[in-house]
> 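Sharing a structure below in C-alpha cells format, with a few things to ask.
Both ligands and their constituent atoms are indexed starting at 1 by order of listing. Only a predicted model underlies this, so the values are computations on that prediction, with no experimental measurement involved. Index from 1, following the sequence.
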Amino acid sequence: MKVLKFGGTSVGSAENIKTLLRLVGEEKQKNSPVVVLSAMSGVTNLLTDMAEMAERGEDYDAHLKEIEAKHFAVIRSLLPAAAQNPVFTRLKIFFNELEDLLQAVANLRELSLQTKDQILSYGERCSTFMISHIASQNFGDALYVNGSDLIKTDSNFGQAKVDTELTEMLINNFYQENKGKVLFVTGFIASNAAGRVTTLGRGGSDYTAAVWGAALNAEEIEIWTDVNGMMTADPRIVKKAFSLPELSYTEAMELSYFGAKVIYPPTMIPAFMKKIPIVIKNTFEPDFAGTCIKSDVKASSLPIKGISSIDHISIINLTGSGMVGKAGFSGRLFSLLSREQINVVLITQSSSEHSITFAVKPTDASQAISLIKKEFELELDAKKLELPEVENNLAVLAIVGENMKRTPGMSGRLFSALGRNGINVRAIAQGSSEYNISVIISKDDLSKAVNAVHDAFFTDLKRTLNVFCLGTGNIGKTLFNQLKEQMPFLAANNDLQVKVTGISNTRKMIFNTDGLSLENWEAELNTNGEQADLAGFVAKMKALNLPNCVFVDNTAAESPIEFYQGIFESSISVVTCNKKGNSADFAQYKSFKDTARKFGVDFYYETNVGAGLPIIRTLRELMMSGDKVARIEAILSGTISYIFNNFKGDAGFYETVKEAQELGYTEPDPRDDLNGKDFMRKMLILARDAGYPLEASDVKIDNILPEACLNATSVEDFYSELQANAAYFENLKNTAANDGKVLRYIGKLENGNVEISLQMVDDSHPFYMLSGSDNIISFTTDRYKTRPLVVKGPGAGAEVTAAGVFADIINVGTLNK
Ligand code: ADP
Ligand code: ASP
Ligand code: MG
C-alpha cells in the first residue's frame, strides 16, 4: 500500500485535480492508497493574512471571498449539478465557522497560536472534503478523513510534536475499520490531548503523509508536487538546476532544512525509522521518475548533491573573554533559546572561543536578544559578556552531500566561487557530520551566490558567462556574429555558455538576463532598447548581480575608462580592445591591474596590441615563466606597415598613402596613423606589461612626416603637402635602396627605453621581409637570445580583432574554472 500526498499546486485548480484523480485511480487499480492533501495553493497564506488582519481590526472580507470563489469554481467545474449541493453546503458551514472565528479575533484584537491553528485548519479541511466528494463520483469508495483526530501532538501550536505511539495506534485502528476505502486525509493538521486543533508547521502535509506511511508500514510514500523531484537547487533561482534521482534520508533532510521547501524536513524521520522510501514526483509530468529518498543509495559521482538557501536570516554575535567558551555557557544559551521555542538555524564558534555566532529567523531575533539580556544580566553587568549584536538582511547558503565527507577541496571550491564573484562570507558552519557546509552571506548576493556555486560544483553543466557589451560598431557586430556561430561548439566542447546579457551603443541599451538573441539583437536594441546612458548601463550591470560577469568594451572612446575601476571592484572581469585605459597614466594602468587581482577577476586586453595576434599573452607567459625580456622590436601599425611595404620601386609616397586610404587601411585623416601616436600607445602598453613604469612622455617618437605635412590644416592640404615633399620621401627610399635596405618604422624597447623611429634594415633583419599590413614583433629574451621569438600576422581588421576579444572572453570563462 502506498501513501500519496498532493501539494498545494496539485490541488490548486480543477484541471490539476483531474490529473490527481487520474493518478489516484491508477494507483487504486493496484491497491487502495491513502491520499493526503494540502490546502489549495495560496489558501494557507490567505488564511494567515486574514487572521492577522482580524487581529489588527482590518477588513478581511475580500480574502474570504477569494477563498470561497477558489473552491466553488472547482465544485462547479468538476461535479455534476445534482452532486454539488451537499458539498456547497458543507463548505459554506466551514466558511461560516471560519468567519465566526475571525470575528472573534477581530473583537478581541488578539490572535493566539491556538486560534491561528484553528483558522489555518480550514484550508486542508475544505480542499480535502471537496476533493474526496469529487473522487467519490469517480470511484464510489472514497472517504473524507479529518486527520486532526488521528494525529495526536503536544500543545506546541504552530509546530506541534507528534505523539508517535498513540498516533500510530489511532491510525491503524481507523485504517482497519475502513479497509478497502480510498482515504482522503487532511494534511498538516492534528490535535492535542484536549482535542484542540494543532498544526505540524508550514509545509507539514508532507509530514502527515510520512506519519501515516510509517504507521501503516506503507511500501512507499509519494510526495506529488509541481517540480521534477528534489533538484540540485531551487529551480526558481537556478535555471540549470537538475533533478536528483536518489538521495539518502540525511541528504534530503539537510537540503530541506536549509531551505529546499519541496519537502518538509521532519518528513524524513518517520520514513527513516521504518526504512520506507519517499518518492518525490511531479503531478504535471507523472512519467518522470522523480527523486527517491532511501537508505541504500548508490554511490554517486556528483561532488555534492545540492545547494539550498534560506533568504531571510539574522545573526546574533556574542563575545566576551570572561564568559563565552567557558564550560556550560553554550549549554545555558542554547537551552534558553530552545525552551523559548527559538529555532537556531546554525551555530559557529570562533577558534579563540571568545565569540559565538548563531543564526535565527529575523522574527525571532529581538526576542532572542531580550532573553539573552535577561538570562545573562549579571555577566553583562560584570562586563564578562558584551551586549549581543544582531545583523539583519542575511541569507544562508548550504552545500549538501554525503560525498563531501570523503572528498577534499569541497570548501575550497565553495569559497573560490564565492570569492571570485565578490561575495563576502559573514560566518561559516560545517556540520560535524560533514554532510553540509553552510555560509552566511548578504541577502542581496543570494541568487548570484547560488548560481555561481552551482556552476562551480556541477561542472558537467555548462558554465555561464554573463557578457555586457559596450559598442556595436564593426568589432561589436563581428563579435556577435562570431559568438552566434561558435556557441554550439562551446557548449558541446567547453561546457561554456556565453550569454550576452546587456548591449549598449551611444544611442540605445538593452538587457535580458536570459541572454539577448544574437540573431536579431540589432532590431531588438533599436525597437525595445531604452535610451543609452553609460553610467546607467554599468549601474544596471552591477545591480543585476549575476555570477561570472564580463564587461566588454568594444569602443575606442575615453568615456568607458572611468568605470573600469568600479567594475573590477564589483568583481566583474573586463575584456577590452580599447587602448585608452592602459595607455593613459601609469598610475591608472597599475590600479586596474591591482584592483582586478585584488577582486579575483580578469583584465584581458590582447587586442590592445596587434589585434588578435598573441602578443600580450606571449609576453605575459614569458614573464610568468621567469624569462627576462632584453629587447622588444615591433611594427605595430598595420597602416604604416602597409605604406612602407609598398613604398618601393617606382611607387611614390603620396600615391602609396592615397592607396592605403582607399583600401580602408587608414584613419579618415591618415596623419592619425602616420604621427605614430597609436603605435606609441601600443609600445607603451607592452613596456608596462614588461615591467617598466613608463609614461607616454617617456616614449621617443621619430617623425616620419616633414613639419609642413603635419601642420596642414585639412586632409586635402595634407595630401598636397605630401606631393610637394615628394623629393624628401624619394630621397629616403633611394638611400635605403642603394644600400640594399628597406624602410621600416620600428618601435623598440630596450633597457627600459622606448623609441619609435624610421629605420633602414637589410635582409638579415627579421623585419626585412614583411608584406601587406602585417604586424610583426620580436622578443629577445634570456631564452630566445640568438634567434628571437617572432609573432607575425595581420594586426588589424574587424574580423581578427573581434576574434581576439572573443578569445579573451573565453579565457575568462575557462582559465578560471
Ligand atoms: P507543494 O505545495 O507541492 O508542497 P511546495 O511549494 O511546498 O510544493 O514545494 C515545491 C517547490 O519547492 C517548488 O516549486 C520549488 O520552487 C521549491 N524548491 C525549493 N528548492 C527546491 C529544490 N532543491 N528542488 C526542488 N524544488 C525546490
Ligand atoms: N497548507 C500548508 C502550508 O501551506 C501545509 C502544506 O501545504 O504542506 O503550509
Ligand atoms: Mg510543500
Side-chain angles (χ1 to χ4, degrees), residues 4-13 16 19-20 36-49 67 116-117 119-128 147-148 151 158-160 185-190 197-211 222-245 247 251-267 278 280-285 288 290-291 293 304-311 396-401 446-447 450 453-454 458:
L4 272 49
K5 177 260 170 178
F6 291 87
T9 326
S10 309
V11 301
S13 69
N16 300 352
T19 312
L20 171 164
V36 175
L37 301 180
S38 284
M40 293 180 82
S41 57
V43 167
T44 310
N45 285 344
L46 283 168
L47 290 166
T48 308
D49 287 355
I67 296 182
K116 191 170 169 189
D117 275 1
I119 292 174
L120 294 191
S121 76
Y122 284 93
E124 267 65 13
R125 286 154 75 187
C126 287
S127 68
T128 310
S148 64
I151 297 187
Q159 187 123 31
V185 183
T186 51
F188 182 51
I189 56 177
V197 173
T198 57
T199 59
L200 301 174
R202 290 304 305 270
S205 296
D206 300 333
Y207 188 31
T208 308
V211 169
E222 292 183 354
I223 305 292
W224 289 84
T225 182
D226 55 5
V227 279
N228 274 340
M230 177 75 90
M231 310 183 79
T232 47
D234 187 338
R236 287 168 303 187
I237 306 180
V238 179
K239 295 253 160 52
K240 285 184 280 182
F242 58 95
S243 168
L244 294 158
L247 284 174
E251 288 171 330
M253 179 92 149
E254 299 269 337
L255 279 169
S256 57
Y257 180 74
F258 285 102
K261 87 177 256 249
V262 66
I263 191 158
Y264 183 51
T267 311
I278 302 175
I280 308 179
K281 304 247 323 166
N282 189 350
T283 307
F284 310 101
E285 218 181 311
F288 188 82
T291 302
I293 303 167
I304 60 167
K305 288 292 173 62
I307 304 148
S308 283
S309 56
I310 307 176
D311 67 359
V396 182
L397 176 154
I399 58 170
V400 173
L446 183 61
S447 162
V450 179
V453 172
H454 198 272
F458 299 108

> Would Thr199 and Asp117 count as having a side-chain donor-acceptor pair, cut-off 3.5 Å?
yes
> Between Arg202 and Thr48, is the side chain to side chain contact (heavy atoms under 4.5 Å, CB included) condition met? List the steps.
CA-CA 11 Å; Arg202 290 304 305 270; Thr48 308; 4.1 Å; yes
> Short question: side chain of Thr128, backbone of Arg125 - any donor-acceptor pair under 3.5 Å?
no
> Relative to ligand 1, is Met40 under 4.0 angstrom through side chain, backbone, both or neither, heavy atoms considered?
neither
> Could you check atom 7 (O) of ligand 2 against the protein and tell me its nearest heavy-atom contact, residue, atom and distance included?
Ser38 OG, 3.1 Å
> Can Ser10 be said to touch ligand 1, with heavy atoms closer than 4.0 Å?
no
> Only heavy atoms of Val227, strictly under 4.0 Å: list the atoms of ligand 1 that pass.
13 (C), 14 (O), 25 (C), 26 (N)
> At the 4.0 Å heavy-atom cut-off, does Ser41 count as touching ligand 1?
no
> When you measure from atom 6 (C) of ligand 2 to every protein heavy atom, which one gives the shortest distance, and what is it?
Ser205 OG, 3.4 Å
> Hey, is the main chain of Thr9 close enough, under 3.5 Å, to the side chain of Asn16 for a donor-acceptor pair?
yes
> Below 4.0 Å, non-hydrogen atoms only: which portion of Ser38 touches ligand 1? Side chain, backbone, both or neither.
neither
> Is there a donor-acceptor pair under 3.5 Å between the side chain of Thr225 and the backbone N or O of Asn282?
no
> Side-chain contact, heavy-atom cut-off 4.5 Å: Glu124 with Ser205?
yes
> For ligand 1, which atoms sit closer than 4.0 Å to a heavy atom of Thr225?
1 (P), 3 (O), 8 (O), 10 (C)
> Show the atoms of ligand 1 that are less than 4.0 angstrom away from any heavy atom in Gly229.
24 (N), 25 (C)
> If you have a sec, work out which protein heavy atom is nearest atom 13 (C) of ligand 1 and how many Å separate them, to one decimal?
Asp226 OD1, 3.5 Å
> Judged on heavy-atom distance to atom 12 (O) of ligand 1, which of Lys261, Met231, Lys305 sits nearest?
Lys261
> Nearest 0.5 angstrom please: Leu247 CG to Ile293 CD1, how far?
6.0 Å
> I'd like to know if Glu251 and Lys305 make a salt bridge, using a cut-off of under 4.0 Å between side-chain N and carboxylate O.
yes
> Is there a donor-acceptor contact under 3.5 Å linking the side chains of Ser243 and Asn228?
no
> Answer yes or no for Gly8: is there a heavy-atom contact with ligand 2 below 4.0 Å?
no
> Going by side-chain contact (heavy atoms from CB on, under 4.5 Å), name the residues that satisfy it together with Ala210, two or more places apart in sequence or in a different chain.
Ile221, Thr267, Pro270
> Looking only at distance, does Gly203 have an N or O less than 3.5 Å from an N or O of ligand 2?
yes
> Can you name the atoms of ligand 2, numbered from 1 with element, that are less than 4.0 Å from a heavy atom of Glu124?
1 (N), 2 (C), 5 (C)
> Could you check if a side-chain atom of Ile223 sits within less than 4.5 angstrom of a side-chain atom of Lys281, using non-hydrogen atoms only?
no
> List every atom of ligand 2 that sits less than 4.0 Å from any heavy atom of Phe188, numbering the atoms from 1 in the order shown and giving each element.
2 (C), 5 (C)
> I'd like to know whether ligand 1 has Pro235 as a neighbour, heavy-atom separation below 4.0 Å.
yes
> Can you name the ring-ring contact (aromatic ring centres under 6.0 Å, His included) partners of Phe258, sequence neighbours left out?
none
> Applying a 4.0 Å heavy-atom criterion (strictly less than), which segment of Val262 is in contact with ligand 1: side chain, backbone, both, or neither?
both
> I need the contact type for Arg236 against ligand 1. Using non-hydrogen atoms and a strict under-4.0 Å cut-off, is it side chain, backbone, both or neither?
side chain
> What atoms of ligand 2 come closer than 4.0 angstrom to any heavy atom of Thr44?
1 (N), 2 (C), 3 (C), 4 (O)
> Any idea which atoms of ligand 1 are less than 4.0 Å away from a heavy-atom of Lys5?
4 (O)
> Taking the six-membered ring for Trp, is the centroid-to-centroid distance between Phe242 and Phe458 below 6.0 Å?
yes
> List ligand 1 atoms under 4.0 Å from Gly8, heavy atoms only on the residue side.
1 (P), 2 (O), 3 (O)
> Of the protein's non-hydrogen atoms, which lies at the shortest distance from atom 3 (C) of ligand 2, and what is that distance?
Arg202 NE, 3.2 Å
> Give a yes/no on ligand 2: does Gly204 have at least one heavy atom closer than 4.0 angstrom to it?
yes
> Out of Ile280, Asp234, Asn228, indicate the one that has the non-hydrogen atom closest to atom 19 (C) of ligand 1.
Asp234
> Are the side chain of Ser308 and the backbone of Leu255 linked by a donor-acceptor contact shorter than 3.5 Å?
yes
